[in-house]
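All remarks here apply to the structure that follows.
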Amino acid sequence: QVRLVESGGGSVQAGGSLRLSCVGSGFTANQYCMSWFRQAPGKEREGVAGIGGDGSRTYRDSVRGRFTISRDNAKNALILEMNSLNPEDSGMYYCARGSRLYDHCSLLGFGDYTYWGQGTQVTVSS
């Protein structure tokens, strides 16, 4: 049974940092595209960053240079290091797994993702 469990969210002031983790079970995480999405109240869910089963990385323009996505293969986990946070980064952050082995990630749609975690809340105050 595939499961994704996020952690690491919290409340920080603008300019601060957080490290999100998503631990997968029931599959080998580094064989699949794994991405982070976020959703703020009243807004649509949007892709933040992804790391493909082919090793490629993709980022949303607004986070490039501030966020870093990586894997911890020993823990079968996906990591998101977030620096220089601003209030626009606030929202519920979700981890998602792609449906195809060794595929790249697309942040443009949800149809490529088969499994989702429950989310972890990030709140950035000004």
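Remember, it's a predicted structure, so these values are computed and weren't measured experimentally. In what follows, residues are counted from 1 in the order of the sequence shown.
Taking all atoms of both residues into account, the shortest heavy-atom contact from G117 to E6 is CA-OE2, 3.2 Å. Residues N83 and S17 approach most closely at OD1-OG, 2.8 Å, considering heavy atoms. Contact between D89 and S84 at its shortest, heavy atoms only, is OD2-O, 4.3 Å. In terms of heavy atoms, S35 sits closest to L107 at OG-CD2, 3.8 Å.
Separating the CZ atom in R100 from the OH atom in Y32 is a distance of 11.5 Å, to the nearest 0.5 Å. Rounding to the nearest 0.5 Å gives a distance of 5.0 Å between CG of L78 and SG of C95. Annotation: the span from M82 atom CE to L20 atom CG amounts to 4.0 Å, rounded to 0.5 Å. To the nearest 0.5 angstrom, S11 atom OG is 8.5 Å from L18 atom CG. Of the inter-residue distances, the one linking K43 atom NZ with E88 atom CD reads 7.0 Å to the nearest 0.5 angstrom. Separation of atoms CD (Q13) and OG (S125) is listed at 5.0 Å; rounding is to 0.5 Å.
Within the 3.5 Å criterion, the main-chain N or O of V124 finds a donor-acceptor partner in the side chain of S90. Put simply, the side chain of Q39 never gets that close to the backbone of G91: no donor and acceptor are under 3.5 Å apart. Between the side chain of D112 and the backbone N or O of C105 there is no donor-acceptor pair closer than 3.5 Å. Panel note: side chain E46, backbone R38; no donor-acceptor pair is recorded below 3.5 Å. Counting only distance, with no hydrogens or angles, the side chain of R64 and the backbone of Y59 share a donor-acceptor pair below 3.5 Å. Side-chain N or O atoms of E81 include none that pairs as donor or acceptor with a backbone N or O of T68 at under 3.5 Å. A donor-acceptor pair is defined here as one N or O able to donate and one able to accept, closer than 3.5 Å; no such pair exists between the side chain of R3 and the backbone of S25.
No path of Ile, Leu, Val, Met, Phe, Trp and Tyr side chains, each step under 4.5 Å between heavy atoms, connects V5 with L80, placing them in separate hydrophobic clusters. The hydrophobic clustering, which links ILVMFWY residues whose side-chain heavy atoms are closer than 4.5 Å, places V12 and V122 together. Put simply, Y113 and M92 are part of the same group of oily side chains (I, L, V, M, F, W, Y) that touch within less than 4.5 Å, one to the next.
Screening I79, N76, N30 against R71 for a side chain to side chain contact (heavy atoms under 4.5 Å, CB included) leaves a single residue, N30.
The side-chain tip of R97 does not point at the ring of Y115 from less than 6.0 angstrom away and within 45° of straight on.
The distance between the ring centers of F67 and W36 does not fall below 6.0 angstrom. Aromatic pair F110/F37: ring centres closer than 6.0 Å.
The shortest side-chain heavy-atom distance between Y94 and V48 does not fall under the 4.5 Å cut-off.
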